[in-house]
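Basis for what follows: all heavy atoms, side chains included, without hydrogens, waters or symmetry-related copies. In listed order, ligands and their atoms are each counted from 1.
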Amino acid sequence: MTAPAQPVDAFDLVIFGGTGDLAVRKLLPALFHRYVDGQIPDGTRIIGVAREALDDEGYRQQITAGLNGAAAQNPEKFKAFLKLVTYRPLDARKDEGWDEFAKLIGQQPDHVRVFYLSTSPDLFVDICRRLGHYGLNKGESRVVMEKPIGRDLASANRINDDVGSVFNESQTFRIDHYLGKETVQNLLALRFGNALFEPLWNAEHIDHVQITVAETLGVGRRGSYYDNAGALRDMVQNHMLQLLCMVAMEPPSSLSPDAVRDEKLKVLHSLKPINDENAAQLTVRGQYRAGATEGQSVKGYIDELNEDSKNKIEKSQTETFVALKAEIGNWRWAGVPFYLRTGKRLAERVSEIVVAFKPVPHSIFHPSAGPLAQNRLVLRLQPDEGVKLWLTIKHPGPGGLRLRHVPLDMSFAEAFGVQQSDAYERLILDVVRGNPTLFMRRDEVEAAWRWAGPILAAWEDSGESPRPYTAGTWGPSASVALIERDGRTWNEDNEDNNE
Ligand code: NAP
């Protein structure tokens, strides 16, 4: 039995950066899907804001193009949805037009107001100051911040202080869309809704954990942002640490926002430092060279950067790949490595968490039965969300007792016959409901930067360049060595490799 989807009251959602890539490709489609499902009532106002001089109709046309066929599948609903959408040209850095904008928002004093900052972070402060100045933080108002929140602890603190001077912490929703993914939610359900796993969820029974977020794409049009960030800031400091926390946290007393976030924070505080002394042993960073992904020849990182830029560069120290071995210094996880790896232009697009259990202590089987493999719980976030539990069974039929390692496989789309919803669908409605459980609290962001900062500093101090790897591979060979030194291998999700 499943609980029905809960609708919300009509609300106002202002998307600053409403013409940008994220708004058009992710946020508006997410809203449309929720509308189709009846969760967003008529009377809701979705207001796109950017500098471009567009009227409502021009904006609607722009987003229709971005909705990639969703409109064509459901034209009647789409027409109705577009009635909720309007546009206001505003410059976050100029006062012109803000008076009228304030009047527009003031027309619905009872609506929950969500101000979604889908712009570059250097505009967050200007936007929030103006929202404060024009008296828009009234009633039930919330602000949503996209990543990245700063590029180090000091800049994150500046943003949080400035936004915090207008919106208090309970109104501030720092989005990490990985936390809205079905599989991550399922990690909570699996761990805390089944009696099966929790007794095994510790150093006594778990050998190691792997978290991989691999992309086949390069930096594309986001080169100038990416070259200033790199894989550690773009992926590890936020998404991957959040996933690690969800795997490693103690059972919270409830799913109340602070109960969950308090437990995640304890994990972040327990991460053992990686710094000048041990970064060379515990981390590997790489940068892609020309190669091929998905059957297509692709340029190397520097050439890709130079493609769209007037200022050509010859060299960059930015890592497009990172692998590292993290450890959590507490009783539950002492001695259990958490291997993290992420990169662009890798062999496959896959995001997954692998929990590898310890082998059985003694084999009763004859060697001819084949090797005994570890049980692995694989939680796949993309491309096809689902859970696999790798078990050892007997190969069916006569012919002697032969062991096979096979997965109990639950692809969510197949199992439930539903199209996977995007993480943003859940998260935007959580903001409207005022539920911050799946959003990062300020102290989590700070703790994550406190751990990531010394890694970045160690790389800089070393003076070494990222190791080259060919596009379309699994990164530098040192990443394989990082895990193989410990007698383990990166997960390859097929039967032969798990035998
Ligand atoms: P983008 O495509 O560059 O869009 C930026 C938006 O901001 C545009 O609508 C732009 O429109 C508007 N803008 C720029 N200057 C402005 C100003 N002074 N006043 C008002 N509006 C202004 O960026 P994006 O890719 O959508 O990313 C938005 C945010 O989400 C960034 O923080 C990014 O790091 C984060 N993010 C993006 C993705 C993604 O997949 N794209 C994923 C995760 C996080 P005008 O130029 O017309 O003003």
Run Arg426 and Asp430 through salt bridge (charged side-chain N to carboxylate O under 4.0 Å, His left out) and show every step you take. CA-CA 6 Å; Arg426 166 177 298 112; Asp430 275 359; 5.7 Å; no
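- The backbone N or O of Trp449 lies less than 3.5 Å from no partner atom in the side chain of Asp152, so there is not a single donor-acceptor pair.
- Near Ala92, with a cut-off below 4.0 Å to any heavy atom, the atoms of ligand 1 are 17 (C), 18 (N), 19 (N), 20 (C).
- Set against the non-hydrogen atoms of Pro148, the atoms of ligand 1 under 4.0 Å away are 34 (O).
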Does the salt bridge (charged side-chain N to carboxylate O under 4.0 Å, His left out) test come out yes or no for Glu169 and Arg174, once each step is laid out? CA-CA 10 Å; Glu169 183 63 26; Arg174 296 176 193 83; 2.8 Å; yes
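- For atom 24 (P) of ligand 1, the nearest protein heavy atom (residue, atom name, distance) is Leu22 N, 3.9 Å.
- Atom 31 (C) of ligand 1 has Thr119 O, 3.3 Å as its closest protein atom, hydrogens excluded (heavy atom only).
- Here atom 45 (P) of ligand 1 lies nearest to Arg51 when heavy atoms of Lys94, Arg51, Met145, His239 are compared.
- At a distance under 4.0 Å, a protein heavy atom can be found next to atom 18 (N) of ligand 1.
- The line from CD1 of Ile175 to CG of Leu27 is 7.5 Å long, rounded to the nearest 0.5 Å.
- Sorted by first then second residue, the salt bridge (Lys or Arg N to Asp or Glu O under 4.0 Å) pairs that include residues 76-85, not counting sequence neighbours, number zero.
- The closest protein non-hydrogen atom to atom 11 (O) of ligand 1 is Thr19 OG1, 3.3 Å.
- If you check which protein heavy atom lies closest to atom 28 (C) of ligand 1, you get Ser118 O, 3.2 Å.
- The pair Asp176-Lys147 fails the salt-bridge criterion, with no side-chain N (NZ, NE, NH1 or NH2) lying under 4.0 Å from an Asp/Glu carboxylate O.
- Among protein heavy atoms, atom 41 (N) of ligand 1 sits closest to Asp21 OD2, 2.7 Å.
- The ligand atoms of ligand 1 that sit less than 4.0 angstrom from a heavy atom of Asp91 are 17 (C), 18 (N), 19 (N).
- Scanning all protein heavy atoms for the shortest distance to atom 34 (O) of ligand 1 gives Lys147 O, 3.0 Å.
- Between Phe78 and Phe32, the ring-plane angle classifies as perpendicular under the 30° and 60° cut-offs.
- Annotation: Gly20 places an N or O atom under 3.5 Å from an N or O atom of ligand 1; distance criterion only.
- Only the side chain of Leu123 comes within 4.0 Å of ligand 1, counting heavy atoms alone; its backbone N, CA, C and O stay farther away.
- Residue pairs meeting the ring-ring contact (aromatic ring centres under 6.0 Å, His included) criterion with at least one partner in residues 141-188, sequence neighbours excluded, are Phe173-Phe439, His177-His239, His177-Tyr424, Tyr178-His239.
- Near Glu52, meaning under 4.0 Å from one of its heavy atoms, ligand 1 places the atoms 47 (O).
- For ligand 1, the atoms sitting less than 4.0 Å from at least one non-hydrogen atom of Pro121 are 32 (O), numbered in the order shown with element in parentheses.
- Under a 4.0 Å heavy-atom criterion, Arg222 is in contact with ligand 1.
- Just one residue in the list Ile63, Asp56, Asp55 forms a side-chain contact (heavy atoms from CB on, under 4.5 Å) with Tyr59, and that residue is Ile63.
- Counting protein heavy atoms only, atom 20 (C) of ligand 1 is closest to Leu90 O, 3.4 Å.
- Proximity of Arg25 to ligand 1, defined as any heavy-atom pair under 4.0 Å, is confined to the side chain (atoms from C-beta onward).
- Using a 4.0 Å cut-off between charged nitrogen and carboxylate oxygen, Asp258 and Arg441 count as a salt-bridge pair.
- In this structure, Ile353 and Leu381 have side chains that are in contact, with non-hydrogen atoms separated by less than 4.5 Å.
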Do Arg45 and Asp12 pass the salt bridge (charged side-chain N to carboxylate O under 4.0 Å, His left out) test, and can you show the C-alpha distance, the side-chain angles, and the key distance before you say yes or no? CA-CA 5 Å; Arg45 301 190 299 173; Asp12 287 355; 2.6 Å; yes
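- Contacts between Glu146 and ligand 1, counted as non-hydrogen atom pairs separated by less than 4.0 Å, involve the side chain only.
- Here the protein heavy atom with the shortest distance to atom 7 (O) of ligand 1 is Gly17 CA, 3.5 Å.
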